[in-house]
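Reading through the structure tokens given below for one structure.
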Amino acid sequence: QVQLVESGGGLVQAGGSLRLSCAASGGTLSSYDTGWFHQAPGKEREFVAAISRNGGRTYYADSVKGRFTISRDNTKSTVVLQINSLKFEDTGVYYCAASAFSYGSKWPEARENDMHYWGKGTLVTVSS
């Protein structure tokens, strides 16, 4: 059983930056592809970014390309999402997830129930 804990959320102004972290325990993070999902108030949870288990490949939703960067450090069992040029619509809860299945280029089609493990989320609020 793997536990995932997100941190780094907060209140920022549009155009600002945040660094979100996901810390894993209870298992070997390198055994899983990992991703970040965003859930805006009143909307469904959507894919944001993912990274392969060895960090060799990354995938992004079209809406965040050029602004978000995902990375991982398996020696520290952490996954990081660097968010730049924040927009008001980026507001919401960001969740870290781990998958034993390698979605590859199909990550944007992944749904909530397709993930093996979920964190409880960290809230990001962007002021206009």
Side-chain angles (χ1 to χ4, degrees):
Q1 186 73 26
V2 175
Q3 290 79 48
L4 303 174
V5 180
E6 303 93 336
S7 62
L11 174 64
V12 297
Q13 292 185 336
S17 299
L18 279 176
R19 181 182 174 89
L20 307 183
S21 295
C22 174
S25 63
T28 303
L29 185 62
S30 61
S31 297
Y32 303 90
D33 285 10
T34 58
W36 286 91
F37 291 74
H38 167 247
Q39 187 165 19
K43 297 184 179 180
E44 64 185 45
R45 194 172 301 184
E46 297 182 343
F47 166 78
V48 172
I51 187 167
S52 60
R53 57 203 65 196
N54 64 359
R57 303 185 70 175
T58 57
Y59 312 90
Y60 298 95
D62 289 340
S63 61
V64 306
K65 288 181 179 178
R67 299 190 301 121
F68 290 23
T69 302
I70 188 171
S71 61
R72 70 188 297 160
D73 185 346
N74 287 336
T75 64
K76 298 181 178 180
S77 297
T78 59
V79 180
V80 170
L81 184 68
Q82 177 66 43
I83 306 175
N84 297 324
S85 302
L86 277 161
K87 302 176 180 180
F88 178 76
E89 51 264 41
D90 294 325
T91 292
V93 178
Y94 285 78
Y95 297 90
C96 179
S99 173
F101 182 81
S102 298
Y103 286 96
S105 61
K106 295 185 178 180
W107 263 103
E109 303 172 17
R111 297 182 177 180
E112 182 173 349
N113 290 339
D114 293 328
M115 300 296 104
H116 208 113
Y117 299 106
W118 284 100
K120 295 182 179 180
T122 185
L123 177 63
V124 172
T125 303
V126 182
S127 61
S128 60

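All values reported here derive from a predicted model rather than from experimental measurement.
Between F47 and F37, the ring-plane angle classifies as perpendicular under the 30° and 60° cut-offs.
Note that CG of L18 is 8.0 Å distant from CD of Q82, once rounded to the nearest 0.5 Å. Here W107 contributes atom CH2 and I51 contributes atom CD1; the two are 11.0 Å apart, rounded to the nearest 0.5 Å. The CG atom of L29 sits 9.5 Å away from atom CG of D73, with the distance rounded to the nearest 0.5 Å. Within the model, atoms OG1 of T58 and CZ of F68 stand 14.0 Å from one another, a figure rounded to the nearest 0.5 Å. Atom-to-atom distance recorded for L86:CG and Q13:CD is 11.0 Å, nearest 0.5 angstrom. Taking CD1 from I83 and NE2 from H38, the interatomic distance works out to 8.5 Å, rounded to the nearest 0.5 Å.
No chain of hydrophobic side-chain contacts below 4.5 Å, direct or via other Ile, Leu, Val, Met, Phe, Trp or Tyr residues, connects V12 to F88. Taking hydrophobic clusters as Ile, Leu, Val, Met, Phe, Trp and Tyr residues chained together by side-chain heavy-atom distances below 4.5 Å, V124 shares a cluster with V79. The hydrophobic clustering, which links ILVMFWY residues whose side-chain heavy atoms are closer than 4.5 Å, places V93 and V48 apart. Hydrophobic clustering places Y94 together with V126 (ILVMFWY residues linked when any side-chain heavy atoms are closer than 4.5 Å, directly or through intermediates). A continuous path of Ile, Leu, Val, Met, Phe, Trp and Tyr side chains, each step under 4.5 Å between heavy atoms, connects W36 with V64, placing both in one hydrophobic cluster.
H116 approaches A100 most closely through the heavy-atom pair ND1-CB, 4.1 Å. Heavy-atom minimum distance, S17 versus N84: OG-OD1, 2.9 Å. Nearest heavy atoms, D33 versus Y103: OD2-N, 4.1 Å. Here the shortest heavy-atom pairing between Y60 and K65 reads O-CE, 3.5 Å. Residues S99 and R53 approach most closely at O-NH2, 3.7 Å, considering heavy atoms. Annotation for W118 and R45: closest pair CE3-NH1, 3.4 Å, computed over non-hydrogen atoms.
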Inset, instruction - Determine, stepwise, if the pair C22 / L4 fulfils side chain to side chain contact (heavy atoms under 4.5 Å, CB included). - result: CA-CA 6 Å; C22 174; L4 303 174; 4.0 Å; yes
Legend entry - Chi angles and distances behind the side chain to side chain contact (heavy atoms under 4.5 Å, CB included) call for T122, S7: CA-CA 6 Å; T122 185; S7 62; 5.5 Å; no
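Looking at heavy atoms from C-beta onward, Y117 lies in side-chain contact with Q1 at the 4.5 angstrom threshold.
The closest donor-acceptor contact from the side chain of R57 to the backbone of S52 lies at 3.5 Å or more, if one exists at all. When atom types are taken as modelled, the side chain of E6 and the backbone of K120 share a donor-acceptor pair closer than 3.5 angstrom.
The residues K87 and D90 are annotated as not salt-bridged, no charged nitrogen and carboxylate oxygen being separated by less than 4.0 angstrom.
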